[in-house]
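Before any comments, here is the structure.
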2 protein chains.
Amino acid sequence: MIIALEPSLVQRSPPVAACVDRAQSSDCSNCGARALSVCGTADISDLQRLGELAEVIKLKSGAVLIREGDPAPHVFNITAGSLRVYKLLPDGRRQITGFLFAGDFLGLAISEFYVFSAEAMEASTVCRFRKGPFSALVARSPPLEHMLLHRTSHELAAAQNQMLLLGRKTAIERMASFLLDLPGHDPTRPSAPGHVRLPMKRAEIADYLGLTIETVSRVLTRMKVKGLISTTSPHELIVERPERLRQHAAGEV
Amino acid sequence: MIIALEPSLVQRSPPVAACVDRAQSSDCSNCGARALSVCGTADISDLQRLGELAEVIKLKSGAVLIREGDPAPHVFNITAGSLRVYKLLPDGRRQITGFLFAGDFLGLAISEFYVFSAEAMEASTVCRFRKGPFSALVARSPPLEHMLLHRTSHELAAAQNQMLLLGRKTAIERMASFLLDLPGHDPTRPSAPGHVRLPMKRAEIADYLGLTIETVSRVLTRMKVKGLISTTSPHELIVERPERLRQHAAGEV
DNA sequence: CGCCAAATTGAACGGGGTCAAACTAGGTGG
DNA sequence: CCACCTAGTTTGACCCCGTTCAATTTGGCG
């Protein structure tokens with residue numbers, strides 16, 4: 001299921017590229033230029049030392065990387081592909097708390113046990129670090145620590161948006177928010193404007209938005225009828241009226 | 001509404017006490033001892049330099065400290081009292097994303113504008129830092145930055161729990177989770193075991209749990225009928241069957 | 001082409017919302 | 001000290017959005 005590759009591969013320190021790319025590309029449009037540059041300058045030397053600590057792990061689609069409740073000796077950085085992060089209730093109800101892509105970190109929360117599960121949504125590659133050496137290096141590298149704080153803060157802000165969505169938005173508002181947020185999350189696959197790839201299946205969208213697959217499907221149909229979107233396949237759609245969609249997402253109706 | 005006190009008061013650097021207290025007291029029970037010690041050792045000298053940057057601000061109950069969308073020149077640390085953090089939709093729907101108490105930081109996400117609002121729930125005191133000098137100091141003090149990362153990671157973990165609650169839990173499960181989480185959040189007012197202070201009103205509980213005040217009230221009544229809790233006043237209750245409540249919170253049953 | 005998981009559509013139900021009324025409590029002034 | 005007043009809470013009746021259960025259609029892949 002999980003296959004560790006040769007350490008030799010590590011020399012090229014794949015996480016370096018991932019980290020830097022992500023920091024420079026998306027997300028930071030709302031940060032001041034200053035924050036951006038701090039991301040960028042997380043010196044190559046530090047990142048390379050980080051790379052030297054990494055084990056590269058390849059995941060097949062559907063492979064479980066992290067199981068909630070297991071001891072948590074590792075921190076991960078995604079270098080290719082995408083993962084879903086979720087929490088379960090004993091009866092099987094699932095809440096997906098996020099989709100992660102190349103460049104994202106996982107398991108930073110310092111806790112003896114993982115507090116969420118994570119699975120590959122497609123064939124993916126991650127770098128794995130033992131927590132001890134990882135923290136030690138981070139502690140000695142202010143730019144690294146700064147980058148982690150910066151990212152974690154952004155994730156927290158995203159989490160607060162998701163709380164608003166889950167607690168107070170209607171089904172159509174949730175879907176609209178989702179469709180507008182989705183592109184630009186995968187730095188390795190920039191999408192044409194207006195085109196939205198839905199790499200996940202309906203069940204995952206539902207569990208991310210706090211809905212059921214039936215409601216997801218019905219809402220998409222309603223959106224098509226209203227002319228807000230059009231679909232080519234179940235995994236690809238086109239936003240026909242972005243402004244209208246944005247209004248729904250913002251709860252303006 | 002907002003009254004800045006004499007800078008002289010700052011000399012005693014009240015945030016120092018707050019920071020250290022909180023780090024040592026709650027929260028970290030699930031961190032390894034190492035993490036704890038890192039919190040604790042966020043050297044007094046660094047914290048004092050932080051204190052020198054602070055302006056002390058007193059807030060009356062209900063005062064708005066932060067308004068979503070406003071320019072965001074400051075970072076805050078709460079030294080006394082409690083705040084609610086929330087996001088609004090244009091039609092007035094509100095999602096409270098968290099309650100903050102003495103020792104908590106606000107506004108760390110580096111963004112040009114605040115992405116949430118914050119109000120005092122009672123008479124409170126906060127320390128205010130200009131973002132520039134604050135980040136500069138933090139960047140020069142690895143222990144400080146580490147503490148911030150540590151806290152932010154924990155907040156993120158809490159946010160993920162809240163997403164599970166908002167997306168997948170029933171009304172009674174939400175309330176049970178809330179009642180069990182609430183105590184131990186205010187380090188300045190430790191509560192007797194089994195006793196839960198509800199300093200907020202029903203509307204705030206509702207907006208935190210993604211429910212309405214009527215449902216909050218009905219669920220509390222149902223809990224009383226079931227013998228799970230008993231109430232002395234609307235703002236104080238006693239958990240009669242903690243194990244049963246815990247089961248509800250976990251979604252067993 | 002045929003298979004089967006995934007997605008869509010339909011019909012009926014129900015948890016929680018909405019609207020409205022009754023009740024409490026805690027603060028105020030006489 | 002108590003009667004009053006009002007914000008806050010509780011309770012009741014009804015309704016609706018999203019769920020549940022079930023049947024049908026689609027489409028990706030051998």
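Per chain, numbering begins at 1; letters A, B, ... match sequence-line order. None of these values were measured; they are calculated from a predicted model.
The side chain of B:His235 contributes no N or O atom lying less than 4.0 Å from OP1 or OP2 of C:dA25. For C:dT8, neither phosphate oxygen OP1 nor OP2 lies less than 4.0 angstrom from any side-chain nitrogen or oxygen of A:Thr221. Considering only side-chain N and O atoms, B:Ser217 lies under 4.0 angstrom from the phosphate OP1 or OP2 of D:dT10. Contact between the side-chain N/O atoms of B:Thr212 and the OP1/OP2 oxygens of C:dT18 is not found at any separation under 4.0 Å.
One cannot find a donor-acceptor pair under 3.5 Å joining the base of C:dG15 and the side-chain atoms of B:Arg218. For a distance-only test at 3.5 Å, the side chain of B:Arg202 fails to qualify as a donor-acceptor partner of the base of C:dT24. Residue side chain A:Arg222 does not reach the base of C:dT9 through any donor-acceptor N/O pair under 3.5 Å, judged by distance alone.
D:dC17 atom C1' lies 11 Å from atom CZ of A:Arg174, rounded to whole Å. Taking atom CG of residue A:Asp207 and atom C1' of nucleotide D:dT19, one finds them 14 Å apart after rounding to whole Å. A:Ile213 has its CD1 atom 14 Å from the P atom of C:dA5, to the nearest Å. Distance B:Lys201 NZ to D:dT9 P: 7 Å, rounded to the nearest Å. Atom-to-atom, CG of B:Leu237 to P of D:dT10 comes out at 10 Å; the value is rounded to the nearest Å. Remark: C1' of D:dT10 and CG of B:Leu220 are 10 Å apart, rounded to the nearest angstrom. If you measure from atom NZ of B:Lys224 to atom P of D:dT11, you get 6 Å, rounded to the nearest angstrom.
Checking A:Thr232 against A:Lys169, the closest nucleotide of DNA chain D that is more toward the 5' end is the one next to A:Lys169. Of the two residues contacting DNA chain C, namely A:Arg168 and A:Ala203, the nearest-nucleotide position lying further toward the 5' end is that of A:Ala203. For A:Ser233 and A:Val219, each mapped to the nucleotide of DNA chain D holding its nearest heavy atom, the one lying further toward the 5' end belongs to A:Val219.
Looking only at side-chain heavy atoms (C-beta outward), A:Tyr208 and A:Gln162 come within less than 4.5 Å of each other.
At the heavy-atom level, B:Leu211 lies under 4.0 Å from the strands shown only through sugar-phosphate atoms.
Axis angle, first five pairs versus last five pairs of the helix from C:dC1-D:dG30 to C:dG30-D:dC1: 40°, rounded to 10°.
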